[in-house]
Amino acid sequence: MAQAPPTDTKLDEKVDYFNLPCPIPFEELHREASSCFLFSVSLKPELFEGMRFDFTKMLNQKFSLNHSVSMGPTEIPSQSTETIKIPTANYEFGATFIDHPKLMLLGRILTDGRLNARVKYEVSENLTLKANAQLTNEPHMSQGMVNFDYKGKDYRSQFQLGNGALLGASYIQSVTRNLSLGAEVFWAGQHRKSGVGYAARYNTDKWVATAQVASTGMVLASYVQKVSEKVSLATELLCNYLSRDVTASFGYDYILRQCRLRGKIDSNGCCAAFLEERLNMGLNFILSAELDHKKKDYKFGFGLTVGE
Amino acid sequence: MADSVISVQYLKDFVCSQINDDEKWAFNKKLLRAMGLFAGSIVLMRNYGDLMAI
């Protein structure tokens, strides 16, 4: 005769609140679904228009150089509803030094004079220093920011300092084994603006749900479901009640042996897809497509990446 | 029946003001469409997500 001992309820009753897992950093809460919505780990959009060629050369185990060429139309902001595009060609040179796990240095420079630099240094096991800077030729457009991240047993905190008298702090705490709650506050001295935000995250083995609210008018809710080892599905609702803008998206991420296919569709009538096909060891062919039926703007791109 | 702060008439007036005003209705239409896509996606993923597995 089969017996089903109520192990789940017994486990719930005996949760050790002094041994909760460490939550993910507050800034990564809204990145849960970033891969399904076609953003990279650094939140740079993966979709592109035109041609792209990336070459990465590992000079040794820690140091690598990167060359990127991109050619295609670039959208410029305009007052009217029509999109204005200008054909551009860019070359980007980059260098990366990774001394895992302590130090990471990354630099990228473009032909138009823009420089991006990132530093990540583990001061101790619990304290990490991060700095990033974007420097340009245009006056007053350069930016820099320093973050201090402290990781506790079941909490994380972050303090941010940026140019333009930007100060920020965030804190996230595991409340139960599955639930974590967090808050953030920021003050932008140059613009005389401040804000506060709250977030909650509930995760299980199969799915993760997050919700965020901020005094800037932003409300964000997302749900990510890991259907299998190779497939993830995600949905997100982003609303700004001050600017009266709301968008919902549904995305998927298929990681297969020879390729990776990602796509999304949103409530503004825009659908996009991104394919990375592994032709050979270290050689990837990429295809990108974005169809905005509402604005009648259609973007297609192709490219090649060489190196790991 | 005791008087309540939010009466049925108040709710009716609120809903009418949200529908009849053009600007508010444009936002509400977008909001309803987005919430429908969000909630519908969650329901479909939880119930039929396994069909998309490889």
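For the numbers below, each heavy atom of this structure counts, side chains included, while hydrogens, waters and symmetry mates do not. Each chain gets a letter, A, B and so on, in the order its sequence line appears, and its residues count up from 1.
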Among A/Tyr252, A/Tyr241, A/Tyr254, which has the most heavy-atom pairs under 4.5 Å with chain B? A/Tyr254
Does a sphere of radius 6.0 Å around CZ in A/Phe285 hold more than 12 heavy atoms from other residues, nucleotides or ligands, not counting ones at 6.0 Å or beyond? yes
With chain B, which of A/Val231, A/Asn268, A/Leu233, A/Leu238 has the greatest number of heavy-atom pairs at distances under 4.5 Å? A/Leu233
So for A/Glu236, is it side chain, backbone, both, or neither that comes closer than 4.5 Å to the heavy atoms of chain B? backbone
For A/Ala209, which atoms come within 4.5 Å of any heavy atom of chain B: side chain, backbone, both, or neither? neither
A/Lys85 atom NZ, neighbour heavy-atom count above 12 within 6.0 Å: yes
I'd like to know whether CD of A/Gln258 has more than 12 heavy-atom contacts from other residues, nucleotides or ligands below 6.0 angstrom. yes
Nearest heavy-atom neighbours spanning A/Lys230 and B/Ile54: CD-O, 4.4 Å
Going by atom type alone, with no hydrogens or angles, which donor-acceptor pairs under 3.5 Å involve a side-chain atom of residues 33-47 of chain B and a protein atom two or more places apart or on another chain?
{"from": "B/Arg33", "atom 1": "NE", "to": "A/Ser267", "atom 2": "O", "distance (Å)": "3.2"}
{"from": "B/Ser41", "atom 1": "OG", "to": "B/Leu37", "atom 2": "O", "distance (Å)": "2.6"}
{"from": "B/Arg46", "atom 1": "NH1", "to": "A/Tyr223", "atom 2": "OH", "distance (Å)": "3.0"}
{"from": "B/Asn47", "atom 1": "ND2", "to": "B/Val43", "atom 2": "O", "distance (Å)": "3.3"}

Looking at every non-hydrogen atom in both residues, tell me the closest pair between A/Asp245 and B/Lys30 and how far apart they are. OD1-NZ, 3.8 Å
Interface check, chain B: of A/Val246, A/Asp266, A/Thr235, A/Ile265, most non-hydrogen pairs under 4.5 Å belong to A/Thr235
Above 12 or not: heavy atoms from other molecules or residues under 6.0 Å from OH of A/Tyr298? yes
Residue B/Lys24 versus chain A: region with a heavy atom under 4.5 Å: both
